[in-house]
Undergrad: 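The structure follows.
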Amino acid sequence: MKPSIPKGTRDFTPEQVSKRNYIFDTIKKVFIKYGYQPIETPAMESLSTLTGKYGEEGDKLLFKVLNNGEFLNKADKQAIADGNSAKLIPSISKRGLRYDLTVPFARFVVMHQNEISFPFKRYQIQPVWRADRPQKGRYQEFYQCDVDVVGSDSLMYEAELVQIYDEVFATLGVNAEIKVNNRKILEGIAEAAGISDQFMDMTMAIDKLDKIGIEGVRKDLAGRDIAETAIDKIEKMLGVTSLAPLKELFADSPTGLKGIEELEAFHSYFDLKTPTNEVVFDITLARGLSYYTGCIFEVKAKDVKMGSIGGGGRYDDLTGNFGLKNVSGVGVSFGAARIFDVMEELELFPKERGDSLKLLLVAFDDPAHKYAFDCLNKVRAAGINADLYPSPAKMKKQMKYANDRKVPFVAVIGSNEMEAGKVQLKNMETGEQSLLTTEEVIEQLF
RNA sequence: GUGUAGGUAGCAUAAUUGGUUAAUGCGUCAUCCUGUGAAGAUGAAAGAUGCGAGUUCGAGUCUCGUCUUACACCCCA
């Protein structure tokens, strides 16, 4: 049989893993510096934990795990007869693969509420799965890097998280645009337009503004049975690019005013330090996940065409789903796979990463091979990533291996070098060689 | 979930209007030459053309289904 892997999944070569680790390490370092601690949760969650948290579309994209054993006996016969897949699922599947890291985290917090002290700051770097059709920057399995803090509603954390975004992307060299909005402002728009009951429809439509333009949004809104007069009001509000003029428009919307207040509080913290990347208020930013209630964030890479590379926001009652009320949380997520793709396209990965091989020793004959092994031990003891070709094979073969491994330096050892008690160190890029002692090699490569 | 375009040796391409043993380059392996890779010479291995069915005397080439890849829509990291 021909080997294959499921749709939307990928293997990672050593080089790709090395690059990905570079991203993870950078992100992790920042997370830790800001006082966050790591946790992990299982790949599988109870299906009931996951369903209903991501909206209708989200439920469709959940991977369900088929029950083991004689699941057919327990299957909902009526649902089968009716050809109703959605109704059949609970009777044949009790587990699913996690769709994101936020919902499992909320579950974690509730289960461990007595062991953790609030505010609880955690980070989590693990793969998630979505049964979406693959596309550019879209996979069925991909890593997310989440930072969240629960147990405080201080807007200080919103500011902190945007600073984390800023610092990570500045360190990686990715030119990012960080968009900020507040769910309450969107609610304010709906309220001011008198269509609070069609809030979700409205947000989905205006989220596409930069893609389909204002006329497209008007059409979309009309298609969702929203009145012409309401659409006019919405259009007027969408034209706003700063908070000040919104206050008047939201005069009759307490929720909208609260949203403005929150964003002002966010800025009172955030503006104390100048960010490297662009941070902008974008009233059209909506975000699909239904659990957000306050500030929302989204990050786009500026120099390349790609979906968002990060997103997040505040959720006031996610733990309420699991029986723990009044615990507010806020967090953001980094899409590692997309950041990888962006950095690859822009060639932002450093050539030399800490985990690559620095030196390969090659020997001409058996005695030299033993001598080389001794050198190898010394070089490794000094903390240099080094290797020795396993046999004194033909020089061409050994050099080719060095080339394929992209080793920057090769130490050639034959009888001449042994007599001198040295090695011939060759720079593979320039081709230059020099006769050095092992100690000198260590000094030069360290 | 909808649509469009593709799937030919490890990789990249080729194969008149359907017509013999499916070609070429790179890579791989071997031998030769070299105290040194990205160089040269010679030779070799490797594919019933994603999978399945159909039309036909005959299918890589036409039709259908299926899987998969890329891109767009939906939605999203």
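Throughout, protein chains are lettered first and strands after them, A, B, ... in sequence-line order, and every chain is numbered starting at 1. Given the structure is predicted, the values throughout are model-derived calculations rather than measurements.
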Undergrad: I need the residues from residues 412-422 of chain A with at least one non-hydrogen atom less than 4.0 Å from RNA chain B; give them sorted by number, or say none.
TA: A:Val412, A:Gly414, A:Ser415, A:Asn416, A:Glu417
Undergrad: I'd like to know whether the aromatic ring centres of A:Tyr157 and A:Tyr269 sit less than 6.0 Å apart in this structure.
TA: no
Undergrad: With the threshold set at 4.0 Å, does a side-chain nitrogen-carboxylate oxygen contact exist between A:Glu344 and A:Lys19?
TA: yes
Undergrad: For A:Phe364 and B:G35, are the ring centres under 5.5 Å apart with planes inclined under 30°?
TA: no
Undergrad: Does A:Tyr34 have any ring-ring contact (aromatic ring centres under 6.0 Å, His included) partners at least two apart in sequence or in another chain, and if so, which?
TA: none
Undergrad: I want to know whether A:Tyr123 and A:Tyr36 have ring centres closer than 6.0 Å.
TA: no
Undergrad: Side-chain N or O of A:Gln135 less than 4.0 angstrom from OP1 or OP2 on B:A72?
TA: yes
Undergrad: Is A:Lys208 close enough to B:C75 that one of its side-chain N or O atoms is under 4.0 Å from OP1 or OP2 there?
TA: yes
Undergrad: Taking the six-membered ring of A:Tyr99 as reference, does the cationic atom of A:Arg130 (NZ for Lys, CZ for Arg) lie under 6.0 Å from its centre and within 45° of its axis?
TA: yes
Undergrad: I'd like to check the salt bridge (charged side-chain N to carboxylate O under 4.0 Å, His left out) partners of A:Glu57; sequence neighbours left out, ordered by chain and number.
TA: A:Lys60
Undergrad: Taking the nucleotide of RNA chain B with the nearest heavy atom to each, does A:Lys136 or A:Gly311 sit closer to the 5' end?
TA: A:Lys136
Undergrad: Quick check on B:C73: is either OP1 or OP2 less than 4.0 Å from any side-chain nitrogen or oxygen of A:Lys211?
TA: yes
Undergrad: Could you spell out the base pairing of RNA chain B as a dot-bracket line? Use Watson-Crick and G-U wobble contacts where both distances are under 3.5 Å, [ ] for crossing pairs, | for partners on a different strand.
TA: (((((((..((((.....[...)))).(((((.......))))).....(((((..]....))))))))))))....
Undergrad: With a 6.0 Å cut-off on the ring centroids, do A:Phe334 and A:Tyr165 count as close?
TA: yes
Undergrad: Does NZ or CZ of A:Arg314 come closer than 6.0 Å to the centre of the six-membered ring of A:Tyr292, within 45° of the ring's axis?
TA: no
Undergrad: Any donor-acceptor pair, under 3.5 Å, between the side chain of A:Gln398 and the base of B:U36, if you only look at N and O atoms?
TA: no
Undergrad: Measure from NZ or CZ of A:Arg338 to the centre of the six-membered ring of A:Phe142 and say whether it is under 6.0 Å with the direction within 45° of the ring axis.
TA: no
Undergrad: Nearest-nucleotide wise, let me know which of A:Lys7 and A:Gly310 is further upstream toward the 5' end of RNA chain B.
TA: A:Lys7
Undergrad: Can you check each nucleotide of nucleotides 38-51 of chain B against protein heavy atoms at under 4.0 Å and return B for base, S for sugar-phosphate only, - for none, in 5' to 3' order?
TA: SBB-----------
Undergrad: Strictly below 4.0 Å, heavy-atom distances to any atom of RNA chain B: list the hits from residues 32-44 of chain A, or just say none.
TA: none
